[in-house]
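Remember, it's a predicted structure, so these values are computed and weren't measured experimentally. Reckoned from all heavy atoms, side chains included, excluding hydrogens, waters and symmetry mates.
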Amino acid sequence: MIAAALGAQSASFHRIAAPVRPYHPVWDAAKQRTVFLRRDGLQLVMPEWDGVEVTERQQTIPTLNAYRFVAGPRPGHLTLFEGTWSVHTWNGASWQHRSPTPPLGLNLGAASFSWDRQRRRLVGITRDNDRVYEWDGVSWTTIQPQTGPLGRVLSGWTYDPTIQQCVRYGGMGAASPYQVADDLWGWNGTSWSLLLGSAPPGPRAACTFGWSSTLQALVLTGGSTDANATLNPTTWMRSGSTWQRVSTTANPPPQFACEVVDDPLGAVCLAQNDLWRFDGSDWRIVHRFVDVDQDANAAVAFDRIRGQSLVFPHQGSTGGALFDRRWREITAPGPPPRLSHAMCWSPADAGIVLFGGQRPSGTNPYLGDTWTWNGASWQPQTPTLSPAPRSQHALAEDPAGGVLLFGGRGTLGYLRDQWRWDGATWNQVLPATVPMAGRATATADFARGRVVMVTSSYGPATWEWDGLDWTAAGSAPANLMGLAFDPRRGNVVGVAWTDNYDWDGSSWTRIPGEPNGFAYSIGPVTDFVRGRVLEFAQQSAAAQLTDLPANARQLGPGCALGDPPVLHALNHATIPAADFAIDVTTVAGAAPTVLTLGFGVASTPLGNGCHGHVAEPMATRFRLATAGGHAPFPIPIPGVAALRGVAFVAQAAIVDPARGQVGPLTLTGALRVTIGD
């Protein structure tokens, strides 16, 4: 059961990709799908939605600061504005950093941009001034119009291809009396013109506004009608010069000015955690992103039967969230909101037990209730005996049986009592040696048949429970936020603010490698199904302790006249990974594409400076590229432990005579994929 025979191995926490709520949806014309940005630690990644599922390209964006994500300034290109100074463009295959100096006073991250398809440039307006900024992919132009929709903020802004102009609806005056406008203006590159029309939607600020090529209409919904933020959820369409209200049964939340993105079936917008689609007659939710309301006051436990980690947040109305490489929200009602509670797997319940915590506000803050999670619902328990209400206590599975509870803080201060849960009630345990009172965290050490606990209210101290009594085992690292047992290495892991530690039964040793990087960690938990330690933190962040993370690395150059096609990994090559795929982008529309897989890396000259990068070929796959110029190749990874550490190399050849360098062929560089955790 325990893999202690493997001995100590160097390990560190590596983030696990998990599509949670992203930002800034944009229609990727090259791939014919909606792409987003999502912050992952100090980097940005690009989830993409094909109308059914969300996947993640293993392509990080080299930016750390505020950003704006838009289509253009060329067909099939995307642009990312970082802060006030940096610009990055995506050509369908790779990111390139641009360094045009933005005009003085332009905050790129705060501006609204639309792509003028006719003039091939991005056109931006800001809330700070009345200037119009244009970027053609090389240089900036600043225009100061003398007339038009001046002195207003929070306008709707998009491009209308029927009149070949960027258009601006409504907005609110930037100075008192802050009146909200109800007019539509067009920008032709040099000046504004008022666009008249019948029965406009009325005053709107911060509305959802965009163009749908499928509906051949401007779509407007939501926003406020006055300076007091009176909300209006109604939806309108404008075809030609005629506005028409649509009698919808549902609308995106009107208080969110979500960005409208063109879509093959209408138009979509991202509001809160939901992706909404408008088909010309009604709105409906087509995808729901999970955004776990978690912070250091939440708790996590692992469900051994169902193979899921359960996170219960300290506030909110839901029953928490489940994680098994992807997040799923528990919609069933759960325990009342609380913080600094504790949860643990309970074999007697075949589920997870939760005890206590502290109310977020109000009198009598400490809670003493017991709940269990059975994989489908939360159930309140009514034990005949129960510990006093408390928070900051330790809860751990006892190898000798039951669930052990110790310490915490209650109405009379720090506590030093000990209890055991047997699946029906709590029974007090009276050991001969009682650890120091206070805030505690604990876990079972299954290799040694003990419970390891760290108390930290009077200086961090380590204690061990052998089923009969406690033994003081020395000091502990400062700021430990949680403990978990590592089945692969057969020891206990402690997670602190910036570092991670191993406990071998006598001392703590810092784990070499990268720090965990989670400033506000909920703490670690043991994934007994996959034999790993997981860590969870704010913003739905998840990481895994491993010495062999799944990896996909670019090798060698591609070959083509112009930009070469590129391979990207979609999702991660973990064991198992039914959704792993290799995507070839960008190639000629409908071009025949061959993907070669092999076990080795080569550099075989093919002429014209081109090279084949695959040695020891083992398989080839064929398909036609899509009209947008990409060819995805699903490569599901089975749940076979022997595949851990196996690496393979991929390279694609595309029949593209207009850009061919090896006869009619263009070539990608290579992608070396390592199957890992």
Side chains of [X] and [Y] in contact at under 4.5 Å (non-hydrogen atoms):
X: P252; Y: F278; answer: no
X: V286; Y: L265; answer: no
X: V260; Y: T221; answer: no
X: T126; Y: Y133; answer: yes
X: S198; Y: T242; answer: yes
X: R623; Y: P632; answer: yes
X: S213; Y: W211; answer: yes

Report task. Before giving the answer on side-chain hydrogen bond (donor to acceptor under 3.5 Å, both in side chains), spell out for T666 and R659 the whole-Å C-alpha distance, their side-chain angles and the decisive distance to 0.1 Å. Result -> CA-CA 7 Å; T666 62; R659 303 192 305 136; 4.8 Å; no
Distance alone, cut at 3.5 Å: any donor-acceptor contact between the side chains of [X] and [Y]?
X: T234; Y: R204; answer: yes
X: E329; Y: T331; answer: no
X: T142; Y: R131; answer: no
X: T190; Y: N188; answer: yes

Query raised in the report: Quick check: are there more than 12 heavy atoms from other residues, nucleotides or ligands sitting under 6.0 Å from CD of Q216?
Result: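 Yes, the 6.0 Å shell around CD holds more than 12 heavy atoms from other groups.
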Closest approach of [X] to [Y] (non-hydrogen atoms, all atoms of both residues):
X: N228; Y: D226; value: N-OD1, 2.9 Å
X: S114; Y: T158; value: OG-CA, 3.1 Å
X: G319; Y: F312; value: O-CD1, 3.6 Å
X: T668; Y: V566; value: CG2-N, 4.0 Å
X: V587; Y: P565; value: CG1-CB, 3.8 Å
X: L534; Y: S309; value: CD1-OG, 3.7 Å

Query - Any donor-acceptor N/O pair, T34 side chain to W27 backbone, under 3.5 Å - result: no
Query raised in the report: Would you say Q146's side chain and Q144's backbone share a donor-acceptor pair under 3.5 angstrom?
Result: yes
For the [atom1] atom of [X] and the [atom2] atom of [Y], what is their distance to the nearest 0.5 Å?
X: Q165; Y: W185; atom1: CD; atom2: CH2; result: 12.0 Å
X: W90; Y: T585; atom1: CH2; atom2: OG1; result: 5.5 Å
X: F113; Y: D116; atom1: CZ; atom2: CG; result: 13.5 Å
X: D583; Y: T55; atom1: CG; atom2: OG1; result: 8.0 Å
X: I330; Y: L310; atom1: CD1; atom2: CG; result: 5.0 Å

Return the orientation label for the [X] and [Y] ring planes: parallel under 30°, perpendicular over 60°, tilted otherwise.
X: F69; Y: W95; value: tilted
X: F536; Y: F323; value: perpendicular
X: W49; Y: H287; value: tilted
X: Y169; Y: W243; value: perpendicular

Query - Under-4.0 Å salt bridge between D28 and R33 - result: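 R33 and D28: not salt-bridged.
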Query raised in the report: Can a salt bridge be assigned to the pair E134 and R119 using a cut-off of 4.0 Å between side-chain N and carboxylate O?
Result: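 Salt bridge: yes.
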Query raised in the report: Are the aromatic ring centres of W135 and H77 under 6.0 angstrom apart?
Result: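 Not close enough - the centres of the two rings lie 6.0 Å or further apart.
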Report summary line: Of I285, L270, N251, the one forming a side chain to side chain contact (heavy atoms under 4.5 Å, CB included) with W276 is I285
